[in-house]
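Structure first, commentary second.
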Amino acid sequence: MKIGKKYSKILSASNFGTVIPVYLIFAALSVASCEEEPYDPAAAKQQMTGTWKYVEQSVSIGTPNSCQMQISGGSGEGELKIGNFACLNVTINAKMLDDNRLSIPKQTAGGNTFEGTGTVSKYKSMKLDFTLHTGRDAIYIIADCTKQ
């Protein structure tokens, strides 16, 4: 295949060192332009607020539950209150760590102790992974939640 004089000069070994840095600059600019927006705790709290369908997928003891949970904003940055958590008619506190992760710090509500994490997907669905300590049993639960 014959390359025109113009292009063969650009692609020659002597210019190879010039072509590569130009390519790297374009590649860096492309990656930089695809960066996501920085995490905004106030926006995350607003996006999470509402009614969520809760369906347990895995329960180490007992029968899986399903119900509606209510999520509202808590008092601090990224903090949430989750009502009817685990279908137990209790309200727990949670905190958004970023756009994709939720923390359920160890806390007691309704005589049970809860602790775990959650993975949020585009503020439309989340997977909760937590332990419920009843005082007698430690029940490991995985639940899928969908915003209604």
Side-chain angles (χ1 to χ4, degrees), residues 1 3 7 10-11 13 15-148:
M1 185 166 112
I3 300 175
Y7 297 109
I10 291 172
L11 297 174
N15 286 335
F16 189 71
T18 306
V19 172
I20 295 299
V22 170
Y23 173 76
L24 291 175
I25 289 170
F26 281 117
L29 288 173
S30 296
V31 170
S33 67
C34 293
E35 288 181 15
E36 292 183 18
E37 294 289 321
Y39 171 63
D40 178 359
K45 190 187 295 192
Q46 183 179 12
Q47 292 284 337
M48 292 294 291
T49 299
T51 301
W52 289 74
K53 182 178 181 182
Y54 169 94
V55 179
E56 292 176 347
Q57 300 301 320
S58 174
V59 179
S60 61
I61 299 172
T63 305
N65 291 313
S66 66
C67 61
Q68 300 287 322
M69 297 187 311
Q70 288 295 321
I71 299 181
S72 59
S75 58
E77 186 174 274
E79 292 182 357
L80 304 169
K81 292 199 172 291
I82 305 176
N84 198 29
F85 186 73
C87 304
L88 295 173
N89 200 27
V90 297
T91 299
I92 63 141
N93 297 305
K95 182 170 183 164
M96 291 297 296
L97 301 175
D98 58 33
D99 287 318
N100 303 312
R101 296 178 305 137
L102 174 105
S103 171
I104 303 168
K106 188 173 186 177
Q107 60 198 285
T108 300
N112 298 309
T113 302
F114 303 89
E115 183 176 24
T117 60
T119 305
V120 179
S121 179
K122 299 181 182 179
Y123 300 110
K124 294 180 181 179
S125 65
M126 72 176 151
K127 182 174 283 293
L128 297 174
D129 185 349
F130 63 97
T131 304
L132 162 64
H133 297 274
T134 65
R136 191 182 76 194
D137 295 313
I139 304 169
Y140 179 68
I141 299 171
I142 297 173
D144 289 329
C145 305
T146 308
K147 190 164 185 187
Q148 301 298 290

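Hydrogens, waters and symmetry mates play no part in the numbers below; they use all other heavy atoms, side chains included.
Proximity of a side-chain donor or acceptor of K127 to a complementary backbone N or O of S121 within less than 3.5 Å is not detected. With K95 contributing its side chain and G74 its backbone, the two residues share no donor-acceptor pair below 3.5 Å. Checking side-chain atoms of Y39 against main-chain N and O of A44 turns up no donor-acceptor pair under 3.5 Å.
Within the 4.5 Å cutoff, no side-chain heavy atoms of T117 are placed close to those of R101. Side-chain contact check for L128 versus L102: some heavy-atom pair is nearer than 4.5 Å. Under the 4.5 Å side-chain criterion, counting only non-hydrogen atoms from C-beta, R136 is not in contact with I61.
With rounding to the nearest 0.5 angstrom, the CE atom of M69 is 4.0 Å from the CE atom of M126. For the atom pair N112 CG and I92 CD1, the distance stands at 11.5 Å (nearest 0.5 Å). Atom NZ in K45 sits 13.0 Å away from atom CD1 in I71 (nearest 0.5 Å). To the nearest 0.5 Å, atoms CD (Q70) and CD (Q148) are separated by 10.0 Å. Separation of atoms CD (Q107) and OG1 (T113) is listed at 9.0 Å; rounding is to 0.5 Å. The CG atom of L132 lies 9.0 Å from the OG atom of S60; values are rounded to the nearest 0.5 Å.
The number of heavy atoms from other shown groups lying within 6.0 Å of CD (Q46) does not exceed 12.
Of all non-hydrogen atoms in E56 and N65, the two that sit nearest each other are OE1-N, 2.7 Å. Nearest heavy atoms, D98 versus M96: O-CE, 3.1 Å. Looking at every heavy atom in both residues, Q68 comes nearest to N84 through O-ND2, 2.9 Å. Here the closest non-hydrogen pair linking G78 and P41 is N-CB, 3.7 Å.
When each of T91, T49, N93 is paired with K81, the side-chain hydrogen bond (donor to acceptor under 3.5 Å, both in side chains) condition holds for N93 and for no other. Just one of I82, T108, I141, L88 meets the side-chain contact (heavy atoms from CB on, under 4.5 Å) condition when paired with F114; it is L88.
Within the structure, the disulfide bond (SG atoms under 2.5 Å apart) test picks out the following pairs touching residues 83-148 (sequence neighbours left out): C67-C87. Judged as a ring-ring contact (aromatic ring centres under 6.0 Å, His included), not a single pair has a partner in residues 50-80 (not counting sequence neighbours). For residues 124-143, the ring-ring contact (aromatic ring centres under 6.0 Å, His included) pairs, not counting sequence neighbours, are F85-F130.
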